> 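Take this structure, written in structure tokens, and hold onto it; I'll ask about it next.
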Amino acid sequence: MSTSASEISARIVEAVMAQKLAPGSRLGEQPLAMLFDCSRTIVREALTRLAARGIVTVSARRGWFVIEPSQDEAREAFEARRVIELGLIRSTGSTGKIDKAALRQLKAHLQREKAALKESDVGNRSFLLGDFHVCLAECLGNTLLADTLRDFTARTTLIAMLYQSTHDAVQSCEDHVQIVAALERGDHAAAEALMAAHIGTVQSALRVQAPTDPLAQLRDALAPLQQKKTTAAGPRRRKAAAPSPDDTDSSTYLGALL
């Protein structure tokens, strides 16, 4: 039985969140079709959906690639996550405490995070830390925003790989624990503040370089050549008087000037 386009796109997003697909990775239609035992048409449909979600990009001549977010796109992705996640927590606060079933689900997720930290599977650990935010949105009762957050979390995972994030996984898990604890005791203001601090910490751990001039090297290479000034030391020579045209021929006169 062949794999559907939805399953293929979900697997690719999971691989991104697990840091198994790096920014700029090529996604060939034929290899994917062979891997998932389906037609290239289904693969193309899956990749087209991911392109619409901002996870992959396509070039007419080169094919499909995982996106490489720019610094501006990185900033926008974190800003979007702040708006969505802080808004979710704030809106839940107006309706009262989070229900017990949702709390159990969140605590079970935290247990999986803690177990992953003790293991050597970095991919599983990365996926669970990112998926916490998706799980939180689902537990707060908004599956639509959960799907949106999944895409933004995948993008910020790519950003963390591209800009070599130094954020500590243990600290990230501890932040999640504190957020859930605040929700459990009904302190939504504290949960919102903790989430804002958590997202800010993750963003500040990125090694974002200062903007550079993309034309700097070419501009320097094509700059007009300047004559070098003579700096040799020594006594000054008296300037010789130019001979009169009547005293010498034209070739001697030119030689004196040059």
Side-chain angles (χ1 to χ4, degrees), residues 3-36 38 40-85 122-135 137 144-167 169 172 198-215:
T3 312
S4 68
S6 297
E7 291 170 323
I8 294 172
S9 59
R11 290 276 293 277
I12 291 173
V13 172
E14 287 177 4
V16 167
M17 291 177 64
Q19 298 189 5
K20 293 182 178 181
L21 279 176
S25 297
R26 190 174 188 279
L27 300 170
E29 291 182 9
Q30 187 58 40
L32 287 173
M34 295 173 63
L35 181 64
F36 290 107
C38 64
R40 291 180 62 176
T41 302
I42 294 177
V43 169
R44 197 175 299 117
E45 181 184 348
L47 294 174
T48 301
R49 291 180 185 179
L50 290 176
R53 292 162 59 182
I55 307 298
V56 305
T57 186
V58 64
S59 171
R61 295 184 178 180
R62 299 173 62 231
W64 300 89
F65 294 86
V66 177
I67 62 165
E68 296 181 272
S70 66
Q71 293 184 20
D72 286 340
E73 289 170 334
R75 175 181 50 78
E76 290 171 359
F78 278 101
E79 287 178 355
R81 283 189 55 182
R82 282 190 186 89
V83 171
I84 294 171
E85 299 191 58
V122 178
N124 185 47
R125 180 183 69 194
S126 174
F127 175 80
L128 287 170
L129 290 173
D131 195 54
F132 167 80
H133 299 270
V134 181
C135 180
L144 181 61
L145 285 180
D147 289 337
T148 303
L149 264 179
R150 183 176 287 105
D151 292 346
F152 277 116
T153 302
R155 288 194 207 182
T156 50
T157 300
L158 290 170
I159 291 163
M161 285 191 281
L162 187 61
Y163 296 105
Q164 301 176 348
S165 174
T166 59
H167 188 59
S172 187
H198 171 64
I199 295 174
T201 300
V202 175
Q203 184 176 7
S204 63
L206 301 178
R207 296 177 179 176
V208 179
Q209 298 178 349
T212 57
D213 181 4
L215 299 178

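Quick note: numbers below take in every heavy atom, side chains included, and nothing from hydrogens, waters or symmetry partners. Source: prediction; values computed, not measured.
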> Could you report the tightest heavy-atom contact between Ile67 and Gly54, atom names first, then the distance?
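For Ile67 versus Gly54, the nearest heavy atoms are CD1-O, 3.0 Å.
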> Contact between Ile42 and Thr3 at the side-chain level, heavy atoms closer than 4.5 Å - yes or no?
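No; the side chains remain at least 4.5 Å from each other.
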> Can Val202 and Thr156 be said to form a side chain to side chain contact (heavy atoms under 4.5 Å, CB included), step by step?
CA-CA 9 Å; Val202 175; Thr156 50; over 6 Å; no
> Just checking, any donor-acceptor pair under 3.5 angstrom between side chains of Gln203 and Arg81?
no
> What heavy-atom pair brings Val56 and Leu47 nearest, and what distance separates the two atoms?
CG2-O, 3.4 Å
> Roughly how far, to the nearest 0.5 Å, is the CZ atom of Arg44 from the SG atom of Cys38?
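Going from SG on Cys38 over to CZ on Arg44, the span is 11.0 Å.
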> Of the non-hydrogen atoms in Leu158 and Ala22, which two are nearest, and what is the gap between them?
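Nearest heavy atoms, Leu158 then Ala22: CD2-C, 4.2 Å.
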> Could you grab the distance from atom CD1 of Ile159 to atom CD of Glu68, nearest 0.5 Å is fine?
12.0 Å
> Under 3.5 Å, side chain of Ser9 to main-chain N/O of Ser6, donor-acceptor pair present?
yes
> Could you give me the CA-CA distance, side-chain angles and deciding distance for Ile8 and Leu50, then say whether side chain to side chain contact (heavy atoms under 4.5 Å, CB included) is met?
CA-CA 10 Å; Ile8 294 172; Leu50 290 176; over 6 Å; no
> Please report the closest heavy-atom contact between Ala5 and Ala46, naming both atoms and the distance.
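Residues Ala5 and Ala46, closest heavy atoms: O-CB, 3.4 Å.
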> If you count every heavy atom of other residues, nucleotides or ligands that lies below 6.0 Å from Arg62 atom CZ, does the total exceed 12?
no
> Is there a donor-acceptor pair closer than 3.5 Å between any side-chain N or O of Ser204 and the backbone N or O of Gly200?
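At least one qualifying donor-acceptor pair exists.
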> Is any side-chain heavy atom of His198 less than 4.5 Å from a side-chain heavy atom of Ser172?
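They are in contact (side-chain heavy atoms under 4.5 Å apart), so the answer is yes.
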> Take Thr153 and Asp131, measure what side chain to side chain contact (heavy atoms under 4.5 Å, CB included) needs, and give me the verdict at the end.
CA-CA 8 Å; Thr153 302; Asp131 195 54; over 6 Å; no
> So which atom in Lys20 and which in Gly123 form the shortest heavy-atom distance, rounded to 0.1 Å?
CE-CA, 4.5 Å
> Between Glu45 and Arg49, is the closest basic N to carboxylate O distance under 4.0 Å?
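Yes, charged N to carboxylate O under 4.0 Å.
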> Can any side-chain N or O of Thr57 pair as donor or acceptor with the backbone N or O of Phe65 at less than 3.5 Å?
no
> Go through Tyr163 and Gln71 one step at a time and tell me if the side chain to side chain contact (heavy atoms under 4.5 Å, CB included) criterion holds.
CA-CA 9 Å; Tyr163 296 105; Gln71 293 184 20; 3.5 Å; yes
> What is the minimum heavy-atom distance between Val13 and Ala154, and which atoms define it?
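Shortest heavy-atom contact: CG1-CB, 4.2 Å.
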> Measure the shortest side-chain to side-chain distance between Arg155 and Glu73 over non-hydrogen atoms and say whether it is less than 4.5 angstrom.
no
> Does some side-chain heavy atom of Phe152 sit less than 4.5 Å from a side-chain heavy atom of Leu145?
no
> Nearest 0.5 angstrom please: Cys135 SG to Leu149 CG, how far?
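Atom-to-atom, Cys135:SG and Leu149:CG are 11.5 Å apart.
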> Heavy-atom distance under 4.5 Å between the side chains of Thr148 and Ile84, does that happen here?
yes
> What's the separation between atom CD in Glu29 and atom CH2 in Trp64, rounded to the nearest 0.5 Å?
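CH2 of Trp64 is found 7.0 Å from CD of Glu29.
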